[in-house]
Structures are given as structure tokens and as C-alpha cells.
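Numbers restart at 1 for each chain; the letters A, B, ... are given by sequence-line order, proteins then strands. Predicted model only: the values in this text are computed from it and were never measured. Side-chain atoms are counted along with the backbone in the values below, which use heavy atoms only and exclude waters and symmetry mates.
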Protein chains: 4
Amino acid sequence: MLSSEQQKQRKRAHIIHAAARVFAEKGFSGTMMADIADHARIGKGTLYEYFDSKEDLFFSVFEWYARETEAAAKVSISALGGSASERLAILSESVMQSWLKMKDLFTLVMEFWAASASSQMRKRFKGYFRQAYEDFRTVVAALIREGMQHGEFQEDVVPESVAAALVGSWDALLLQAWFDDRFDPLTTARNHVAIVIRGMAGGARVEL
Amino acid sequence: MLSSEQQKQRKRAHIIHAAARVFAEKGFSGTMMADIADHARIGKGTLYEYFDSKEDLFFSVFEWYARETEAAAKVSISALGGSASERLAILSESVMQSWLKMKDLFTLVMEFWAASASSQMRKRFKGYFRQAYEDFRTVVAALIREGMQHGEFQEDVVPESVAAALVGSWDALLLQAWFDDRFDPLTTARNHVAIVIRGMAGGARVEL
Amino acid sequence: MLSSEQQKQRKRAHIIHAAARVFAEKGFSGTMMADIADHARIGKGTLYEYFDSKEDLFFSVFEWYARETEAAAKVSISALGGSASERLAILSESVMQSWLKMKDLFTLVMEFWAASASSQMRKRFKGYFRQAYEDFRTVVAALIREGMQHGEFQEDVVPESVAAALVGSWDALLLQAWFDDRFDPLTTARNHVAIVIRGMAGGARVEL
Amino acid sequence: MLSSEQQKQRKRAHIIHAAARVFAEKGFSGTMMADIADHARIGKGTLYEYFDSKEDLFFSVFEWYARETEAAAKVSISALGGSASERLAILSESVMQSWLKMKDLFTLVMEFWAASASSQMRKRFKGYFRQAYEDFRTVVAALIREGMQHGEFQEDVVPESVAAALVGSWDALLLQAWFDDRFDPLTTARNHVAIVIRGMAGGARVEL
DNA sequence: CATGAATGAGGCTTCATTCAT
DNA sequence: GATGAATGAAGCCTCATTCAT
């Protein structure tokens, strides 16, 4: 039997999932609170028992989405073994894989970007994104630095730069895939990472 | 003395510039037509002499922005000389440079992405973006392929993949720079491109 | 206690009555939705819970008005007894009487005519009017034909023509009364019907 | 060669004709000053050289229309000869004929009615209509009274009532014809007038 | 707690009118 | 005189939010 608090959390989560689908499809402005209530099969008024406002709900969706993708990334990273090159390749692969699983929610990311660009919620979103990107770059840079320390990668490599570009490419390839159904982001990422690894390795042939 | 048609075009452009500033600052939904009229120092009704609707104006801003960035990219490409590696590095540099010049309008791009994700204008935006990315990838891939034909780059390189990642990294690094003032996208791009070029070159040392 | 559906119908009717008064006074274009809301003592937004648009509300007022006058006419007709002449005279009398009761809403009819003449709602109104006039003419013509079969009226009478003129005169006399306070449509109608009946009866003296 | 004043009057009339067509098609509210200017092949601003406002122009159209129909009616009346019955029948016929000629402008009448019902111009229109109907009734009543004096019509006839009904029937039959293409107002009017004349004559057979 | 009917501030858009050319 | 680009008041409608049930 669930405590009342757990009940509440469950319902909150339920609403967030419903809202995520609707926001993904129609965008923040295009979404009506009534839409969300309908999708969650609850009354419009009930939404306000769980969230203060539309913005609050949207931000809650953002937090949920961020937690999900972070969790996925952490799993990817923690499960790594082998050389830095291998681990980098596997990380790229598994990040892409896990994001592709949520592909239909990718439009949410675009909405979040836009929200951090110019909405009234700008600050909250922007701060969160800054931190998230920084964290992610740091993790990847650490991996690269490790590879440099092990002599896998050349000393002229700037870990932060390559990390930023790699992290960025994961976003950007999904973005391009979103615009174009015929675009294959997985293969593209694989090929690109292989080149980057070989580049970092100094041009030496790399076995993955 | 200007012809009436030229006058009209001038004023249209004037409104588009004003609108671009306001949309960039407040986003599509956050912007009121009255804001734009004020910024353009014209009456609210005058906007409708030049544009059918808020959406039409927004899309016109998009077209203008797209033309501007395209033009900048074309200049970069046409002015290239030297080896494929050099030309790639210069292209990257100049694309980043020219986009950075419009940095304060970068939020527009996020708005455009969001618009193609879920607004009612989705189709128009999405189609345009798909084409633009494809065109850009094609140009860059051609450059890489050239490098392969000249023996600069290894035969195992997949030009389309690297092109997509490069194009994507330009977007993505600007995005990260937008979130974080301390992030330097120019240097990052330079470092990344160098690695990619060395990766494509295989064993060959590359002079940039 | 009323069911929710009944409640809704009641409120709808309430709004229609309020709207009828305002439309009657200011006409379709002269009426603002806010006026109607004020008169109905509800919020502006509430109107849209019950009607899709101003036009929809206007047409609903029309339907209500048409139902009311139709109902009145049907009562008049069904309650008839006696000779065709008597019934015709009584019908005329009671139609005029019942329409005079709604005299202050007669301007609505003029608005409806105008709406069927040239508004965007033209088709809906026009079709309805065509049918209503046809139905009414048919009923009156049947009455006249009956009189002909009973030998009350001459054989050279064209029932449809007289019916159309009688039905028309009811409209037209109210119209003239509307323009001129000193004009007495009831007496006028009575005198006219008497003449028409005598005319249809040919040589026969008619007792009313 | 025309004087400047005549020039002005000509152009004024030209605008009125153009406006009449547009108002007839779209109604007062549905008509835009720009529409009228286009139809008159003049600039929007020019309209205001000739008319103070949209309402002024509309009323001018009304005056023109009223003058036209009055003139037609006067011609009908003045040309009459023969018995009162004959003259009445001919009057009816020629009024209907002349109005049918302007059939495509009949919607204007509905607009005028509506304008006198509830527009801001109500008073001007209403007063004019009151007078016009009164005048018309007076003319027809005089004709009937003449017939009574000559012994053509019975003494129990109330000339004003029959006149009102006849005048009304001309309006009303055109109205019904407007709603229903299959309705023949001319024949209907003929048949009705014949009955009315016979009724006034006391049921005696009347030769027309 | 849950609901959904009611609300009204807010924003897009229209169009009669003006006035500089 | 004629024009039509510019204007801004006005009005329809939406939708986040409230609150009585």
C-alpha cells in the first residue's frame, strides 16, 4: 500500500509524462493546459494541485527529461571498460542509442533550447543547460585526458575542445536526423568518432 | 530617387531587422506585434501592409536570416584556395567567424528550431532546414572527397559522415557558447577541426 | 434539481434571450460580444463556452426566433375551426397578434433579412427563410384550396398566389408599423383579409 | 463642356453606382471603402472628397435608390388611364416590373431596412422610410377612394388598409422571390391584385 | 481531493480615415 | 484634385487560472 505522499509523486510523474508528450508535439505555446489534462485523463483544475503554473509544469518536464538523459549517460559511462579509445567509442554509441530511444521526445529539447533562449523562464533553463553541458564536457574531457596519460592520444590534443565537439556532435546529429528522415545519425556518429580518435591518436591506425 | 518598389523593399527589410531583434530577445510567442511596430517606429497596422500575419513576418525573418548566413558561407567557400585540409580549416574558421558576428541573433536559430519542431509553421521551417543542412553537408563532403582524391585523406573516410559532424559541430559549439560565456567556440572549433583533419589524413602529419 | 445538461440548455437559452435584445437594438455589426455578456451578466469568455462565434450566436438567436414564431403559427393553425373563410381570418388575426407580442424584436427580422442578403452567413439564413416561407405559403394555400373544394371560394382563385400575398402582407404590415407608430397593422390586416376573402368568394356575400 | 460643378456631380453619381453594387453584394458592414474605390476605379482617398464618411456614402446610395424607385413609381402612376380597377392593376404591374428590373439591387433594400432598424443611422433611414411608405399608401389609397366614388368599389372598403396591404405585398413578394428563385412574383402579384379588386368590387366579376 | 464552468486580461488583426506628396 | 501609405482605435477570440461544488 502506498503512502499518500507516494501516491502524489506517482500522479505527478504521470502528469509529467502526459505533458511531455503534448509539449513535444505542440510546443510550449501551442500546448493548452486542457490538452495536457485530457491526455493525463484528469481534470484541468487538478493540474494546479500538482503544479503552480504552465511554466512550472514545463520546467518540471524539463527536469524529468534532464534526469532521464543524465541517468542514461551515467549508465553509459559507468559501464565502460577498456582503452580510452574504446570507451570513447562505446560512450558515443550508447549516448546516441539512448537518445534515439527517446527520439519522439527530441522536439522537447528544441523547445527547451528555445525556452532558454528567450522565454520568461530563460534563466532557469539557461543555467541548467550551462551546467549540464559543462558536466558532460568534463566527463568526456576526463576520458580523453586519461587516454593522453596512457599515451593513447597525442600530447597536442586539447581535451576540452574535442570533448565539446563530441558532445556537440551528438546533439547536432540528432538534430539533423530530426530534419531529415533519411539521415542516419548512428552510423554518422560512429564514423566521426573513429576519425576523431584516429586524429587524437596522431593518425595511427586505431583498432576499435 | 527610389522607385516605389524599392521603397517598399527597403521598408520591408527595415521591419524585418526590427522584428529580428525583438524575436531574438523575446521569442516568437513572447513577442507582440506592437513591440515590433514600436521598434520599427511604425504603426501597428503598417506591419500588415508588408506581412500577412505574425507567422508570415516570423518566416520572413527566417528567410532573411537564412539568406544572410548562406551568403556568408558561400563567400567563405568560394574564396578558398590551397589543399583540402587548408580549405576545410579555413571554411570552419570563417563560418564560425561570420556566425559569431551575428551572435546576438543566435537565439533566433533556437526559435527557428523550435518552430520547425512544433509550431503550426512546422512544415515550412522543417523543409527549409532539411534542405539547408543537406546542401551544407554536400558542400563540405565534396571538399573532403576532393581531399581523398588527391590522396590527402585516407580511403576509409566516409565524407558524408565527417561533413555532417563538422557542420553539426559549428551549430553545437555556438549553442554551447550561448549557454556559457566562458566557452570559446572559435578555439574549440579550431582544435577540433585539426584533430578531424589529422584523423582523416591517417598517418600523415598535417601542416595547417 | 436540474441535470447538468438541462442546466446547460437553460443557460444557453438565457444567453440567447440576452443576445436577442442586444442584436435587436444595435444590429449584428453594432453589437459587441462584450455587450451581450454584460446583458447576460456573464463573462465574455463564457459566451464562447456556449457558442463558437458571434455568427454562431447570431444564428442561434435566429433559430430561436424562428422556432418561437413557428410555434405561435402552428398553435394558430391547429386551433382553427369553422369555414375556410373564418379560419383564414382567424389565422391572420392570431399570426398578427402573436407577432405583435414580439414587436420589440421585430428589428431582429430585419437583421435576419439583411444577414441573408449579404452577410457571410448568407447561405444558412437564406435557405432557412426560403423553406419557412414555402412552408407557410403551403399551409395557407391548403386552407384556401379547402375553401375552394367546399365551394366557398371561386374556382379561378390561384391558392399559391393569394397565400403568398397574405403571408407577405403579415410581414409587410408589421414592417410599415415599425416605421410608423401611428400605423395600425392589426386593423389593416383585418380589413385587407376581409377584402381578399370576399374577392376569393366571388359573388357570395361573406359573413365573418 | 461640363462645368466643374457638373463634373463633380457626375463623379459623385459614378461613385454612388459603384458603391450600390458593392453594398448590395456585401452589405454595409461587409463592404470596405477600399472595395468601393476599386470598383469605382478611383483612389481610396478620393472617396472622401465626395463623401464625408462610409455612412454618408451609404445614405447617399439610399437617397439615390429611393429617388430611382420613386421616379419609377411616379411614371407608373402618371401614365394611368381608365377605371380605378384598371389603373390599380396597371400600377401593381408596373411597380413590380420596374422593381424587378433592379432586382440585383434588392438586397440593398434589405440593408436599408436593417440600417433603419438598428444602425447608428437609424433615425435618418427610419424617417425617410416612414414618409415614403406613407406617401405611397396615400397615392394608392387615393386611387381606391376614387374607385369608391365612382361606384366601382364597395363603400365598406377601407382605402388606407387595402393600400397598405397592396404596397406591402409588392415589397413582400419581391422578398419571397429573392429567397426562392422558383417563386414568380409577377404572376403572384397579378393574381392577388385581381382578387383584391374583386373583393373591393363586392364580389362582382371584374374585367381587367 | 478532484473537477470543469466561469472568467477577463491580453493579443492579433481589421479597416475607416488622414495627410503628405 | 487625386492618391494610397500609414495609422491606431476597436473588437473578436483564446486560454491560463480560479473556485464553488
Side-chain angles (χ1 to χ4, degrees), chain A residues 4 7-8 11 15 28-38 40-58, chain B residues 1 4 7-8 11 15 29-38 40-58, chain C residues 1 4 7-8 11 15 29-38 40-58, chain D residues 4 7-8 11 15 28-38 40-58:
Chain A
S4 149
Q7 282 268 12
K8 186 133 191 164
K11 192 151 182 181
I15 294 173
F28 179 75
S29 294
T31 294
M32 286 153 53
M33 290 300 266
D35 282 353
I36 296 172
D38 288 351
R41 293 170 190 278
I42 58 170
K44 232 184 318 163
T46 309
L47 289 175
Y48 290 85
E49 297 286 327
Y50 294 85
F51 304 92
D52 289 341
S53 66
K54 189 182 179 185
E55 297 202 348
D56 183 39
L57 173 51
F58 187 60
Chain B
M1 199 169 153
S4 138
Q7 282 270 11
K8 188 132 194 165
K11 191 145 188 182
I15 295 173
S29 298
T31 294
M32 285 153 48
M33 290 300 266
D35 284 352
I36 297 172
D38 289 350
R41 292 171 191 277
I42 57 171
K44 214 163 6 119
T46 309
L47 290 175
Y48 290 86
E49 296 285 325
Y50 294 85
F51 304 92
D52 289 341
S53 65
K54 190 181 177 184
E55 294 203 350
D56 183 38
L57 174 51
F58 187 59
Chain C
M1 199 170 150
S4 139
Q7 281 270 11
K8 188 131 193 164
K11 191 146 189 181
I15 295 173
S29 299
T31 295
M32 285 154 46
M33 289 301 266
D35 284 351
I36 296 174
D38 288 350
R41 292 170 191 279
I42 58 171
K44 211 164 9 122
T46 309
L47 290 176
Y48 291 87
E49 296 285 325
Y50 294 85
F51 304 92
D52 289 340
S53 65
K54 190 182 178 184
E55 295 203 350
D56 183 37
L57 174 51
F58 187 60
Chain D
S4 148
Q7 282 268 13
K8 187 135 190 164
K11 193 151 182 181
I15 294 173
F28 179 75
S29 294
T31 294
M32 286 154 51
M33 290 300 267
D35 282 353
I36 296 172
D38 288 352
R41 294 172 190 278
I42 58 170
K44 231 184 319 164
T46 310
L47 289 176
Y48 290 86
E49 297 287 327
Y50 294 85
F51 304 92
D52 289 342
S53 67
K54 189 181 178 185
E55 296 203 349
D56 184 38
L57 173 52
F58 187 59

What contact category does [X] fall into here, base, sugar-phosphate, or nothing, at under 4.0 angstrom with non-hydrogen atoms?
X	answer
A:Tyr50	sugar-phosphate
C:Thr31	sugar-phosphate
B:Ile42	sugar-phosphate

Figure out the [atom1]/[atom2] separation between [X] and [N], and round it to whole Å.
X	N	atom1	atom2	result
D:Phe28	E:dA16	CZ	C1'	10 Å
D:Leu47	F:dT3	CG	P	9 Å
B:Lys54	F:dT14	NZ	P	16 Å
B:Met32	F:dT14	CE	P	19 Å
D:Phe58	E:dT17	CZ	P	14 Å
C:Ile36	F:dG11	CD1	P	13 Å
A:Asp56	F:dA16	CG	P	14 Å
B:Asp38	E:dG11	CG	P	13 Å

(message) As an exercise, state the distance from CD1 of A:Ile36 to CZ of A:Arg41, rounded to the nearest 0.5 Å.
(response) 15.5 Å
(request) Give the nucleotide from the list E:dA6, F:dC13, F:dG1 with an atom nearest to the side chain of C:Met33. (result) F:dC13
(request) Please determine, for the side chain of B:Tyr48, which listed nucleotide (F:dC12, E:dC12, F:dA2) has the closest atom? (result) E:dC12
What heavy-atom pair brings [X] and [Y] nearest, and what distance separates the two atoms?
X	Y	value
A:Phe51	A:Asp56	CA-OD2, 3.5 Å
B:Thr31	B:Lys54	O-NZ, 2.7 Å
A:Asp35	A:Gly30	OD2-O, 4.3 Å

(request) Please figure out whether A:Ser53 or C:Ala34 has its closest DNA chain F nucleotide nearer the 5' end. (result) C:Ala34
(request) Go through the N and O atoms of the side chain of C:Lys44 and the base of E:dG10, and report whether any donor-acceptor pair is under 3.5 Å. (result) yes
(message) Measuring to OP1 and OP2 of F:dA2, would you say a side-chain N or O of D:Lys11 lies under 4.0 angstrom away?
(response) yes
(request) Would you mind pulling out the nucleotide paired to E:dT14, Watson-Crick or G-U wobble, both distances under 3.5 Å? (result) F:dA9
(message) Checking base pairs now: Watson-Crick or wobble, both atom distances under 3.5 Å. What partners F:dG4?
(response) E:dC19
(message) Using a 3.5 Å distance criterion without hydrogens, assess whether the side chain of B:Lys8 forms a donor-acceptor pair with backbone atoms of B:Tyr50.
(response) no
(message) I want to confirm an ordering. Mapping A:Gly45 and B:Ser29 to their closest nucleotides on DNA chain E, which one lands closer to the 5' end?
(response) A:Gly45
(request) Would you kindly compare B:Glu49 and C:Arg41 by the position of their nearest DNA chain E nucleotide and give the one closer to the 5′ end? (result) C:Arg41
